Every structure is written in C-alpha cells, then in structure tokens.
Protein chains: 2
Amino acid sequence: MDRRQEILEAAEKSFSLFGYKATTMDQVAKIANVGKGTIYTFFANKEELFNAIVLKMINEMRAEADAVSVEGAPFEQNAHARLMQMLKFRGTHQLYAKLIDEEKELRTPAVGEVLQAIEKEIIFYVKEKIEKGIAKGEVFPCDTELVAYILFKAYLALVSDWGKTHDEELSEERIAALLKGTIFKSLLI
Amino acid sequence: MDRRQEILEAAEKSFSLFGYKATTMDQVAKIANVGKGTIYTFFANKEELFNAIVLKMINEMRAEADAVSVEGAPFEQNAHARLMQMLKFRGTHQLYAKLIDEEKELRTPAVGEVLQAIEKEIIFYVKEKIEKGIAKGEVFPCDTELVAYILFKAYLALVSDWGKTHDEELSEERIAALLKGTIFKSLLI
DNA sequence: AGATGACCGAAAGCGTTTCGTGGTCAATCG
DNA sequence: CGATTGACCACGAAACGCTTTCGGTCATCT
C-alpha cells in the first residue's frame with residue numbers, strides 16, 4: 001500500500017475529528033499503521049502535512065462549487081449557487097467547521113493562517129468567475145478584485161454572521177432576494 | 001461639585017486608557033476623588049457604570065455622523081459620508097478602539113456584549129436613514145433591515161477587514177467608487 | 001536503503017498558593 | 001441623620017513549580 005496515501009488519510013481523519021492542535025503525530029502514525037519517523041520522510045513537519053490536507057479540501061470545495069453551477073445559466077444564478085455552496089461547505093464540512101471552531105477557541109496560529117488562505121482562495125475563485133462573466137458580456141467591467149471581495153463578505157455576513165446576533169438564520173430566499181435587488185442588479189448588463 | 005459627573009468622567013478616562021478589565025473600581029474612585037463606596041450609590045456595579053459610559057459614546061458617534069451629512073444632499077452622498085464617519089470613529093475613538101482590542105485579546109464578555117450593542121445601534125441608525133430615503137422617494141422600497149445590515153457589513157469589510165489581509169488599506173476613493181457602482185446604483189431611484 | 005520507535009528538550013498542563021478586585025457595611029463626618 | 005468612606009471579605013484569576021506531553025531526530029534493525 002502507498003504509505004504516503006495512508007498517512008494522508010490518517011491525518012485527514014484525525015484533523016477532522018480533533019482539529020490541528022489536538023492531533024498528535026503519534027496518533028497519525030498509529031492510525032496509518034506506520035512508524036512516526038516514516039511520516040517525516042514524506043512531510044517536513046506537522047504543518048506541511050496539515051497544509052497538504054487543507055489543499056485537498058480546497059479542491060473538493062472548488063469541485064462542489066463547480067458542480068452546482070449550470071452551463072449556460074445566467075451569471076447571477078450560477079454566482080449565487082456557487083457562493084451558497086461554498087458557504088454551506090464552510091459550515092458543514094467536518095474539517096473546515098472544526099478549524100473555524102479551533103480558530104475561535106484556541107487561536108492556533110497555523111489554523112489562522114490556513115483559514116485566511118482558504119478565504120483568499122475562495123475570493124480568487126469568485127474573481128475568476130466575474131472575469132469570465134465580463135468576458136462573456138454578462139457583467140459590467142469593474143474592479144473585479146474588490147467586487148469578488150465584497151460579494152464573498154456579503155454572503156458570509158448573511159449566511160454566517162447574521163445568525164450570531166439574531167435568533168434565527170436568514171432563509172436562502174431572503175438572501176437571494178436581497179442580493180438580486182442590490183449587488184447583482186447593478187452588476188449585470 | 002456633582003459627584004456623579006466626577007465619577008463618569010473618571011471612569012471614561014480609565015476605561016479609555018486601560019480598557020474594561022484593567023480598570024479597577026479603586027482606580028476610578030481615586031481619579032474621581034471619591035470613596036469607592038460612593039460609586040455604588042450611583043451605579044449598581046462596574047458593568048452599569050461601563051454601560052453608562054458607552055451610551056454616552058454612542059451618542060457622540062451619532063452626533064458626529066449627523067454632523068458630516070448635508071441637509072438636502074443626495075442620499076448616496078450622505079449615506080457614504082455617515083458610514084465612513086462612523087467607521088472612522090470606530091477606529092479612532094480611544095475608548096472604542098480600546099474595546100475592540102480588548103475583545104480580540106482578552107475576550108472579556110462585558111466588552112463583547114457592548115460591542116455587539118454598538119453595532120446593532122449603528123445598523124439601526126442606518127436603517128432609519130434608509131427609511132427616510134424611501135419616504136422621500138430617493139430610495140427604492142426594500143428590506144430595510146437587511147439592506148442596513150449589508151451596507152454596514154460591506155463598509156466594515158472594506159474599511160477594516162481589508163487591511164488585515166492586504167498590505168495597504170483601501171483608499172476612500174476606491175471604496176466610494178465600488179459602492180457607487182454596486183449597492184448604491186441599485187438602491188437609488 | 002527504508003522504516004522504526006526510544007529518546008530529547010521545549011512547551012503545555014495541572015494542582016496549589018497567593019494576590020487582586022468587585023462589592024459590602026459598620027464607622028465616621030458634616 | 002443621611003451621605004460618604006475605606007477596611008474588610010469572598011472569590012476568581014494569576015504565579016509557581018512540578019509533571020506530562022508532543023514534535024522532531026537518529027541510532028538501530030530489518
């Protein structure tokens with residue numbers, strides 16, 4: 001069996017279940033049925049192993065976001081579906097959710113960095129889609145970096161922040177209606 | 001001399017300088033030239049004293065936001081000026097800035113509650129202005145609560161969050177241009 | 001040569017003690 | 001006699017030192 005793969009799977013399991021800090025290298029070695037030293041022949045240290053897992057997760061997320069978009073559908077519909085999917089992923093995916101929790105509770109630096117990197121990746125993804133929309137003539141030319149940023153932050157606020165200060169979450173319909181009437185309305189040609 | 005007033009001034013000084021947790025009631029009493037017990041004849045406890053100070057600050061902020069708006073100017077201009085002013089206040093005012101820092105570093109519960117209350121107050125203020133805009137026929141009727149929320153969150157993200165992940169702050173012009181081209185464009189009649 | 005796990009030092013955890021602080025109230029004062 | 005005070009108390013948080021844990025290494029053994 002591929003030892004590197006075994007280690008990756010073991011690490012993913014452990015990070016997802018216990019988070020970054022509470023995962024020990026001994027733990028990972030045990031789950032992977034591998035001597036601890038072996039891990040270090042494939043990964044320089046704990047953080048690099050962690051980064052490898054997170055990279056894998058980012059690709060999953062990207063794939064899921066692509067999966068909910070419909071070829072040929074209008075920009076607004078696909079953009080909304082993609083962002084909602086990524087934010088659903090954010091709150092649902094075991095590892096991602098665990099990391100958000102760990103960042104809030106423990107402030108583990110490695111986790112903070114990784115979360116920031118994921119966010120950057122999402123914004124980059126959104127930016128790409130906006131540029132594609134502009135190229136297709138569906139979207140007004142604009143400051144794509146900033147528009148991607150504000151779109152992500154808006155969705156994040158509505159999907160995730162709102163619930164923290166109000167007793168019930170916003171429905172997807174209300175979110176869709178608001179953005180249709182504000183940001184998207186002025187973005188679309 | 002008005003003892004209650006003396007205490008308020010002393011408390012404001014101390015909270016602004018040291019934050020909530022690091023301000024001791026002995027400290028406040030000393031600055032106010034008052035016995036510690038006297039404080040408790042005016043305020044039930046430390047938290048109520050704190051709330052009184054914060055309430056005063058909220059009114060200051062409101063006043064400053066009102067001050068930058070121009071009677072008769074278009075909705076967008078006033079809304080932008082008001083929100084920018086409040087966010088400038090947020091980052092500049094000694095007490096407010098100190099509290100944000102304390103919340104991040106110490107997680108003092110009393111501070112978290114107060115910050116949330118201030119945010120709620122700002123959003124309420126924005127909501128009022130939007131409703132006035134609608135009444136005047138300047139703004140499309142809309143879900144005012146949500147629009148106020150998203151406007152505040154958008155400005156907050158651009159003014160405050162952006163700098164945390166990029167090496168330089170956004171210029172006010174770039175912020176103004178972005179919002180003019182997105183949210184405001186679809187809000188205005 | 002590749003894998004292993006005993007080993008190392010740094011750092012986190014933990015149980016105990018000390019200290020600082022919010023809040024009270026009997027004594028004091030005007 | 002009512003307003004003011006600061007010594008006092010209870011208790012939660014810091015300080016301390018001792019123990020354990022854990023990331024990373026490397027001599028040893030396939």
Side-chain angles (χ1 to χ4, degrees), chain A residues 1-54 98-99 101-114, chain B residues 1-54 98-99 101-114:
Chain A
M1 273 217 183
D2 184 0
R3 301 181 102 71
R4 190 190 149 90
Q5 193 56 31
E6 302 259 41
I7 292 167
L8 276 172
E9 275 165 33
E12 182 174 0
K13 241 178 251 175
S14 187
F15 284 134
S16 294
L17 229 43
F18 310 114
Y20 179 76
K21 199 182 167 200
T23 288
T24 69
M25 293 305 262
D26 282 301
Q27 170 98 272
V28 173
K30 200 169 195 178
I31 299 178
N33 285 313
V34 151
K36 187 163 54 155
T38 308
I39 299 176
Y40 288 86
T41 61
F42 296 105
F43 303 93
N45 51 42
K46 189 182 180 183
E47 202 165 337
E48 284 218 1
L49 174 58
F50 182 50
N51 289 339
I53 302 293
V54 169
K98 190 91 204 166
L99 293 182
D101 192 62
E102 185 167 351
E103 165 67 2
K104 203 176 64 189
E105 303 291 315
L106 286 310
R107 296 278 179 79
T108 324
V111 172
E113 284 161 30
V114 144
Chain B
M1 273 207 183
D2 185 359
R3 301 182 102 68
R4 188 190 150 90
Q5 194 56 33
E6 302 259 41
I7 293 167
L8 277 172
E9 276 166 32
E12 182 174 0
K13 239 178 253 175
S14 188
F15 285 134
S16 294
L17 228 44
F18 310 113
Y20 179 76
K21 198 182 171 203
T23 287
T24 69
M25 293 304 262
D26 281 300
Q27 170 98 271
V28 173
K30 200 167 195 178
I31 299 177
N33 284 315
V34 149
K36 185 163 60 157
T38 307
I39 299 177
Y40 288 88
T41 64
F42 295 105
F43 302 94
N45 50 46
K46 189 182 181 184
E47 201 165 337
E48 284 217 3
L49 174 59
F50 182 51
N51 289 338
I53 302 292
V54 170
K98 191 91 205 164
L99 294 182
D101 192 60
E102 185 167 351
E103 166 66 2
K104 204 177 61 188
E105 302 293 313
L106 286 308
R107 299 278 180 83
T108 325
V111 172
E113 284 162 32
V114 144

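Just so you know, these numbers come straight off a predicted model, no measurement behind them. Reminder, nothing fancy here: chain letters follow the sequence lines and each chain counts from 1. Excluded from the calculations below are hydrogen atoms, water molecules and symmetry mates; all remaining heavy atoms, backbone and side chain alike, are included.
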Each nucleotide of nucleotides 5-13 of chain C classed B (base within 4.0 Å of a protein heavy atom), S (only sugar-phosphate) or -, in 5' to 3' order, makes B------SS

Side chain to side chain contact (heavy atoms under 4.5 Å, CB included) filter on B:Lys46, not counting sequence neighbours, yields B:Phe15, B:Tyr20, B:Met25

Polar atoms only, N or O, under 3.5 Å: list the protein pairs with nucleotides 28-30 of chain D and their distances.
none

Rounded to whole Å, CG of B:Asn45 lies from P of D:dC11 at a distance of 17 Å

Separation between CG (A:Leu106) and CG (A:Asp101), nearest 0.5 Å, reads 8.5 Å

B:Gln27 atom CD is separated from C:dG23 atom C1', nearest whole Å, by 17 Å

To the nearest 0.5 Å, atom CD1 of A:Ile31 lies from atom CD1 of A:Ile7 at 12.0 Å

Please evaluate residues B:Glu47 and B:Asn51 with respect to the criterion side-chain contact (heavy atoms from CB on, under 4.5 Å), reporting the C-alpha separation (whole Å), side-chain torsions for both, the decisive distance (0.1 Å), and the verdict. CA-CA 6 Å; B:Glu47 201 165 337; B:Asn51 289 338; 4.3 Å; yes

To the nearest angstrom, the CZ-P distance between B:Phe42 and D:dA3 comes to 10 Å

N/O contacts under 3.5 Å, protein versus nucleotides 19-21 of chain D?
none

Candidate pair A:Lys13 and A:Glu9, rule side-chain contact (heavy atoms from CB on, under 4.5 Å), full reasoning = CA-CA 6 Å; A:Lys13 241 178 251 175; A:Glu9 275 165 33; 5.6 Å; no

- prompt: Given B:Lys21 and B:Glu105, is the side-chain contact (heavy atoms from CB on, under 4.5 Å) satisfied, shown in steps?
  reply: CA-CA 11 Å; B:Lys21 198 182 171 203; B:Glu105 302 293 313; over 6 Å; no

Rounded to whole Å, OH of A:Tyr40 lies from P of C:dA3 at a distance of 16 Å

Between A:Val28 and A:Ala10, the two heavy atoms sitting closest are O-CB, 3.7 Å

When rounded to whole Å, the CD1 to C1' distance for the pair B:Ile39 and D:dG6 reads 12 Å

A:Phe43 CZ to D:dT25 C1', in whole Å, measures 18 Å

Query - N or O in side chain of A:Arg4 less than 4.0 angstrom from C:dA3 OP1/OP2 - result: no

Whole-Å distance, A:Glu6 CD to C:dG2 P, equals 18 Å

For B:Ile53 and B:Leu8, the nearest pair of non-hydrogen atoms, with its separation, is CD1-O, 3.3 Å

Sorted by chain and number, sequence neighbours left out, side chain to side chain donor-acceptor pair (under 3.5 Å) with B:Ser14 holds for B:Thr23

In whole angstroms, the gap separating P of D:dC22 from CZ of A:Phe18 amounts to 12 Å

Contacts table for residues 37-44 of chain B: side-chain donor-acceptor under 3.5 angstrom, sequence neighbours left out:
from, atom 1, to, atom 2, distance (Å)
B:Thr38, OG1, B:Gly35, O, 3.4
B:Thr41, OG1, B:Thr38, O, 2.6

Between the CD atom in A:Glu113 and the OG1 atom in A:Thr108, the distance rounded to the nearest 0.5 Å is 11.0 Å

